[in-house]
> 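There's a structure below that I have some questions on.
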Amino acid sequence: MRAAYATTAKPDEPLAALTVGDLPDPAVPEGWVTVDVRASSLNHHDLWSLRGVGLPGDRLPMVLGCDAAGVDADGNEVVVYPVVPDDKDPRGLSLLSERYPGTLAERVAVPPENLLPKPAGLSFPDAACLPTAWLTAYHMLVTRGRVDEAESVLVQGAGGGVATAAVVLAHAMGKRVYATSREPWKRDRIAELGATALENGGRLPERVDVVIESVGAPTFDHSMKSSKPGARIVVCGATGGHQATVDLRRVFAMRLEILGATMGTADELRALLDFVVGHDIRPVIDSTFGFTAVSDAFARLNSGEVFGKVVIDHLH
Ligand SMILES: NC(=O)c1ccc[n+]([C@@H]2O[C@H](COP(=O)([O-])OP(=O)(O)OC[C@H]3O[C@@H](n4cnc5c(N)ncnc54)[C@H](OP(=O)(O)O)[C@@H]3O)[C@@H](O)[C@H]2O)c1
């Protein structure tokens, strides 16, 4: 089957570690099923894998990709939940493409309980945007951030998949949403999605209840300074650097909660699918590439010029 996979680790040049070519079908562990992938989407996770982060050399070659929507062996249209049990991992789980082959291929193997019905109103490309970035944003807002108790949300780094999802979801939940970006054009785009857009480090008109952090070191101090007493700063990533400076006086004086978040549960993905359909939301898509141009899709993601999700159409 054709696949996009990592053959080596290139910490400074991730695109050079990407191979597109033929691989055998994925091994199917006992009790698992296969899905014919119709659409997938890229995540920063795929670039980390190509850099060798979280993907040791003894697991190569490894098919990349966490997100997919497709058709199961019985002809059902499904969304793939990408977190699988993994007793060799200290977390007890891993994401597709970490130990088990990922979704950037014609077929992917998963436990049957990882298949959720694709809502009829969602296209394969739209559905393929939701299982990683959108699920993470939903989990950060609803479960970790307790956004139902909140009136206001700050989202750092407006262009990323997690950030655009968080802005759309928080706005649909009726919250006042602020979002930062270094780029004027991204600030214009995020404002169209319902956020008040600010430059990085810009002063907000109020302190917020919840901060969605995926940028890390460059924005973390601003996240803390923009937080109300008792606010939740929820961290799912550190694209801009993972060694943030934390002023502990602010943490205790303002009673801040700094919370880690990784993905979400299958039930949360089900709830997200219902929320998206119920509110007539469609994921923010930056660009769509046929599988034959999957290398260009990676280059696009790596450019930093992305606004929303980069989608792969597996039928082309
Ligand atoms: N834990 C999980 O389960 C999980 C799930 C999904 C993603 N993640 C992680 O979350 C992060 C976000 O991923 P993503 O795919 O949504 O987006 P992304 O492509 O990593 O970009 C996020 C934003 O970071 C900002 N940024 C990047 N470098 C920066 C720098 N040096 N200074 C300031 N801002 C910078 C950019 O904002 P502007 O250009 O607008 O300023 C960019 O739009 C990644 O690290 C990813 O691995 C984790």
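FYI, the numbering just counts along the sequence from 1. Read the numbers this way: they start at 1 and go in the same order the structure lists the ligands and their atoms.
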> With respect to Ala261, determine whether any N or O atom, backbone or side chain, lies less than 3.5 Å from an N or O atom of ligand 1.
yes

> Under 4.0 Å from a heavy atom of Gly161: give me the atoms of ligand 1 that qualify, with their elements.
14 (P), 16 (O), 17 (O)

> Report yes or no: do Ser152 and Asp209 form a side-chain donor-acceptor pair below 3.5 Å?
yes

> When you measure from atom 30 (C) of ligand 1 to each heavy atom in Arg189, His44, Arg182, which option holds the nearest one?
Arg182

> Under 4.0 Å from a heavy atom of Gly159: which atoms of ligand 1 are those, numbered in the order shown and with their elements?
40 (O), 43 (O)

> Show which atoms of ligand 1 fall inside a sub-4.0 Å distance from at least one heavy-atom site of Met263.
2 (C), 3 (O)

> Is any side-chain N of the basic residue among Glu257 and Arg144 closer than 4.0 Å to the acidic one's carboxylate O?
no

> List every atom of ligand 1 that sits less than 4.0 Å from any heavy atom of Asn200, numbering the atoms from 1 in the order shown and giving each element.
33 (C)

> Any nitrogen or oxygen of Cys236, side chain or backbone, less than 3.5 Å from one on ligand 1?
yes

> Indicate whether any N or O donor in one side chain lies under 3.5 Å from an N or O acceptor in the other, for Asn76 and Lys118.
no

> Is it the case that ligand 1 has an N or O less than 3.5 angstrom from some N or O of Gly160?
yes

> Within ligand 1, which atoms have a heavy atom of Ser214 less than 4.0 Å away?
10 (O), 11 (C), 12 (C)

> Side-chain donor-acceptor pair under 3.5 Å between His314 and Glu106, yes or no?
no

> For ligand 1, note which part of Leu301 has a heavy atom under 4.0 Å away: side chain, backbone, both or neither.
neither

> Regarding Glu113 and Tyr81, is there a side-chain donor-to-acceptor distance under 3.5 Å anywhere?
no

> Using a 4.0 Å heavy-atom threshold (strictly under), name the region of Thr239 that reaches ligand 1: side chain, backbone, both or neither.
both

> For ligand 1, is any non-hydrogen atom under 4.0 Å from Ser181's backbone (N, CA, C, O), its side chain (CB onward), both, or neither?
both

> Checking the N or O distance criterion of under 3.5 Å, is ligand 1 in contact with Thr219?
no

> So if I count the atoms of ligand 1 from 1 in the order they appear, which ones are less than 4.0 Å from some heavy atom of Lys186?
38 (P), 39 (O), 40 (O), 43 (O)

> Pick whichever of Val215, Ile190, Val306, Val310 has a heavy atom sitting closest to atom 24 (O) of ligand 1.
Val215

> Which heavy atom of the protein is the closest neighbour of atom 5 (C) of ligand 1, given with residue, atom name and distance?
Thr136 OG1, 3.2 Å

> State whether a side-chain donor-acceptor pair under 3.5 Å links Thr180 with Glu199.
no

> Go through ligand 1 atom by atom and flag the ones less than 4.0 Å from a non-hydrogen atom of Val162.
6 (C), 7 (C), 16 (O)

> What are the two closest non-hydrogen atoms of Leu256 and Lys228, and how far apart are they?
CD2-O, 3.6 Å

> Between Asp221 and Lys225, is there a side-chain N and carboxylate O pair less than 4.0 Å apart?
yes

> Can Ser40 and Asp67 be counted as having a side-chain donor-acceptor contact under 3.5 angstrom?
no

> Give me the residue, atom name and distance of the protein heavy atom closest to atom 47 (O) of ligand 1.
Trp48 NE1, 2.9 Å

> Distance alone, cut at 3.5 Å: any donor-acceptor contact between the side chains of Gln156 and Ser214?
no

> Under 4.0 Å from a heavy atom of Ala158: give me the atoms of ligand 1 that qualify, with their elements.
40 (O)

> Do me a favour and list the nearest non-hydrogen protein atom to atom 23 (C) of ligand 1 with residue, atom name and distance?
Gly157 O, 3.7 Å

> Tell me whether Glu151 at atom CD has more than 12 heavy atoms from other residues, nucleotides or ligands lying less than 6.0 Å away.
no

> Could you tell me whether Arg107 and Asp25 make a salt bridge, using a distance below 4.0 angstrom between a side-chain N and a carboxylate O?
yes

